[in-house]
Each structure stands twice: as structure tokens, then as C-alpha cells.
**Student:** 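Structure below; questions to follow.
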Amino acid sequence: MSWGSTDAIRLWRDICREIRKKSDTAYNVSFKDIVPISYDDTELLLGISEEFAAEWIIDNYSDVLDEAVQAVCGSSRKVLFEYGHMPEHVSAEEELELEAEEETHVSAPAVSLAVSAPAPVQHRTAEKCLEENTFDNFVVGEENRYAYTAATTTAQTPGIANPLYIFGGSGMGKTHLIQAIANDVASRQPKAVIRYTTCEEFLNEYVASLKSKTDFRFRDRFRNVDYLLVDDIHFLGGKPQIQEEFFNTFNALCNSRKQIILTSDKPPAEIRGLEKRLVTRFQGGMTLQITESTFETRLAILRQMQENMATRFSDAILNFIASRIRSNMRPLKSALLRLSFLASSGVEITLESAEAMLSDVLDKEAEERSLHLSPEAIQKAVADYFELQVKDLTGKKRTANIAAPRMLAMYLCRKLTESTQQEIGSAFGGRNHATVHHACESVEADLKTDEQTRRAVSIIQRSLQG
Ligand code: ADP
Ligand code: MG
């Protein structure tokens, strides 16, 4: 076990308690997964996943950590980090053992740390941002932990990374996070001038200002700010005129040490048609990725949504949605809303009925994930469904029990792969493209009228999603 002694665990837990008094967010994001290894009178050795995470703590939280160590140990310790430790949480049993030991322990007089009560924060919503896009409502998981940490730190301590650049796929929470920064700054620093915009709006406003000859006002609006937040900056790609304007805005703000935060669907160097000088600028701060969501995050998002809903679904239903809708948080959330609406209209929601009610969303999801499928995989799935052999589908026989599945398999190849009709024809025993074309049209017509065909397509498609 890579955990240190019970003493080290206890000591670290006390230190964490102190850290949490200062900042729960700092604890949850940066300290929670640390593994205490050993300590003595002069040093405290902590295990951490990677160098980046340790540097983050040293750069941002060394005061918080030092004070917590001082409070618990009564004197300071040199804190050292060892990399490569994955989070390993104390099991409930170990936790209980510790608690029991603690109760029989005569503890040393606590060294008190004067912690002033945090000033109450009045929640405000930044212009053009949604009220619900806050840090509190953002579920933190492995895939977005660093982006979240950077976002909260930037909101509280601007200037550490300029620009802060967060990228990731659609529906991964980028807009939520960038607006959470804007809302957090609006709440904690009411005097700060915050400008949140989508890149598209930035372009539209600029064009309008040129037309009405008020571009000086436009510049004033975007350059006299403390925080400039631009969502979907990849939109700049291939639009040289607006890149010039943005480059100047960017420089003006950086020179006066104002914070810039950007989101994008790609890292800077991969945005097509983005000038080199902008790529370099964007890379000059901190670039962080939000990767594909984990099941735990998706489930937590659903649970969080449920808290504000009249309907409570069983864990089985929530698990079902979280495991089947993975690509994007938007359809995930709409699926729950749809079920909730149906439930409040009196429809009974079971796993079977949920599957039927969400079939369009589930099919779309399956389609997304099937894009890299091969015709061979599709032939196998179709053959399995109809209890045939793949060679029946690629062979010459034209009896109805084989011809219909063959056409369906061709249709699915067309729908789920990038293959051309010609390529599909070759995969089916050297048939020509006209045969494939005819098969697709015939299945499409059947789908409009025939429930059995619809059902077959739906089931096969889902089996292909793995
Ligand atoms: P993006 O801008 O990356 O396309 P959004 O920020 O618009 O994605 O997220 C889509 C929806 O999913 C929003 O309703 C957002 O609040 C929600 N969402 C995404 N990620 C999270 C998360 N980690 N915690 C809570 N809600 C999330
Ligand atoms: Mg977005």
C-alpha cells in the first residue's frame, strides 16, 4: 500500500481540515487526491499524481499549505512531493479505525489558527452570462479538474496565466466554465469591468461598428476592461480582418496586465486559418483541455439536476442515461428533462420505457460513436441479429430471408461509415454502386412505414456502439 503510516494519514487529515477552513475549493481541486507518505520534525513527504499538480500547489497555495502545516504541527515543515501517486482513498473501514483510535487518543492542545470568517459573497451574474453557470454548479471530475482549478484561480487571482485558454469538444462544459469565471468575478469583485462575449458576437459588433463608424466605441468597450472572456475563439479561423482587430485588443489588454480567458474546440495550433502571431499569443499563457466526460461526472450532473426537479428517478434510470449518452452534456441533460416531463404527465418510467422514449437520442449517440465502424463490423452485427452468417450477406443467394438483411446491412454501411457506394458494393461480394443505391432507397422507404425495420436498425446500431 502506498499510504504512509496511520500517523501520517492522521496528520495529513488534520492539515486538510485546516486547508478547508481557508478554501474548500482549493482542497477539493488541489489537495483531495494527495497521498501522505511520511513526515518527521523537519519534512513532510506527499505523494501526488504528476509534476504539474505539485507545481500548481507550489505556485498558488504554498501559503495556505504552510499555514495549515504550522497550525497542526506547531512549527513549519519543508513540504516535498513525490510524483506518480494515483489517488487512493482511505476505505470506510480504515476511516472508522482512525476515528476510533482518535477517540481514545488524548490529543495535544490544538494550536489555534485565527481564521477570519469569510465575507458573505452576494451572487451576481455577469452581463450576457447565465445565472446558473457557476463554479458551485460545475461538477469536477478527472476530465476537467485542471481546467476547473485554473478557472477558479484565475477568477480569484488574475494574471497567473494570460491568456487562460481552455479547449475541448462540444458540450464538455467550456461555456459553463468561462461564464462561471465571469459570474464569480462579478460576485467577488463588483468593481471589476468584465466583458464576456462569444467570438461571433465580437465579430458582429465589430462589423456593425465599422458600418456606423463607431469603431472607437467598440475599441473602448473591449479594451477598457479588467477581464475579457471570449467564448469559442476558434471562430476567428479564416477571418483575417477580425484577427487583426482581436490581435490589437489582445495586445492592448496584455500590456496593461488585464486578464484574458478564451475557450475553443481545439488547441491554438490546430485552428485552421489562424495567423501564426495569434497562435503564439494564445500559447503564451496556460492551455488546458477538457477531455471526454467520465461516467461519474455524467451521473453527478444528472443527480445535481434532479435536486431542482419535482421527479426523482431511481439510480438505475440515472445510470442508464449516464452510461448511454456520453458524447455531450447537452443531450444528457435534455434526456433527463424529457423523462421528467413525461413522468409529471403521468407516464410510468421504467428502464424499458425510458429506452423507448429516448430512442431518437440514443440512436444519434450510437451514430456518433459508430463513425469509425468498418463495413465488416456492420455485416457481423446484421448477420448476428438475423441469425445468419456473414458469408450469406456477401454471397450470391437472393432469397428474401437473405436479401432483406443484406440491403439493411448496405444501408447501415452507408449511414454509419464514410465508405462510398462503390466501396460498400465491393465489401458485399463485388456488387456495383447502383445495387447499393437501390438498397439504401428501399430501406429508407421501409423505415417510414415498417416498425420491424425501424426496430432492427435501432437494435443493430446500438449493438455496434459497444
Ligand atoms: P461547451 O461550451 O463545451 O459546448 P457547455 O458549457 O455549453 O458546453 O455545456 C453543455 C451543458 O452541459 C450546459 O448546460 C452545462 O451547464 C452542462 N455541463 C457540462 N459540463 C458540466 C459539468 N462538469 N458540470 C455541470 N454541468 C455541466
Ligand atoms: Mg460553448
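In listed order, ligands and their atoms are each counted from 1. One is the number of the first residue; the rest follow in order along the sequence.
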**Student:** Nearest non-hydrogen contact with atom 8 (O) of ligand 1 belongs to which option: P331, G173, S334?
**Tutor:** G173

**Student:** List ligand 1 atoms under 4.0 Å from G169, heavy atoms only on the residue side.
**Tutor:** 3 (O)

**Student:** Name the option, out of N133, L177, N137, that contains the heavy atom nearest to atom 25 (C) of ligand 1.
**Tutor:** N137

**Student:** When you look at K364 and D360, which way does the salt bridge (charged side-chain N to carboxylate O under 4.0 Å, His left out) test go after all the steps?
**Tutor:** CA-CA 6 Å; K364 207 147 174 256; D360 57 330; over 6 Å; no

**Student:** Side chains of H123 and E131, heavy atoms from C-beta outward: is any pair under 4.5 Å?
**Tutor:** no

**Student:** With only distance considered, is T297 within less than 3.5 Å of ligand 1 through an N or O on each side?
**Tutor:**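 Between T297 and ligand 1 (N or O atoms, distance only) the closest approach is not under 3.5 Å.
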
**Student:** Can you find a non-hydrogen atom of S170 under 4.0 Å from ligand 1?
**Tutor:** yes

**Student:** So, do R414 and Q421 sit near enough that their side-chain heavy atoms are less than 4.5 Å apart?
**Tutor:** yes

**Student:** Quick one: does Q122's side chain get under 4.5 Å of S187's, heavy atoms only?
**Tutor:**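 A side-chain contact under 4.5 Å is absent here.
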
**Student:** With heavy-atom distances below 4.0 Å as the criterion, list the atoms of ligand 1 near N144.
**Tutor:** 23 (N)

**Student:** With a 4.5 Å cut-off on side-chain heavy atoms, are T125 and L130 touching?
**Tutor:** no

**Student:** Quick one: which of Q179, R298, K333 has a heavy atom closest to atom 17 (C) of ligand 1?
**Tutor:**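 Residue with the shortest heavy-atom distance to the ligand atom: K333.
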
**Student:** For ligand 1, does E132 get within less than 4.0 Å through its side chain, its backbone, both, or neither, judged by non-hydrogen atoms?
**Tutor:** neither

**Student:** Check whether any side-chain heavy atom of V443 sits under 4.5 Å from a side-chain heavy atom of T453, and report yes or no.
**Tutor:** yes

**Student:** With respect to the Mg ion (ligand 2), please indicate if T175 possesses an N, O or S atom at a distance under 2.8 Å.
**Tutor:**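 Yes, since at least one N, O or S atom of T175 sits under 2.8 Å from the Mg ion (ligand 2).
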
**Student:** Do I261 and P163 touch side chain to side chain, with heavy atoms closer than 4.5 Å?
**Tutor:** no

**Student:** Quick one: nearest non-hydrogen protein atom to atom 24 (N) of ligand 1, plus distance?
**Tutor:** V139 N, 2.8 Å

**Student:** Side chains of L177 and N144: does their closest heavy-atom pair fall under 4.5 Å?
**Tutor:** no

**Student:** Pick whichever of H176, Q304, M329 has a heavy atom sitting closest to atom 15 (C) of ligand 1.
**Tutor:** H176

**Student:** Which residue supplies the protein heavy atom nearest to atom 7 (O) of ligand 1, what is that atom called, and how far is it?
**Tutor:**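 It is R330 NH2, 3.1 Å.
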
**Student:** Determine whether the aromatic ring centres of residues Y148 and F135 are separated by less than 6.0 angstrom.
**Tutor:** yes

**Student:** Could you say whether the N/O atoms of F138 and ligand 1 ever approach to under 3.5 Å?
**Tutor:**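 Checking ligand 1 against F138, no N or O pair falls under 3.5 Å apart.
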
**Student:** Nearest to atom 21 (C) of ligand 1, what protein heavy atom do you find, and at what distance?
**Tutor:** I301 CD1, 3.5 Å

**Student:** Can you tell me if S293 contacts ligand 1 (heavy atom of the residue under 4.0 Å from the ligand)?
**Tutor:** no

**Student:** Are F222 and F218 near enough that their ring centres are under 6.0 Å apart?
**Tutor:** yes

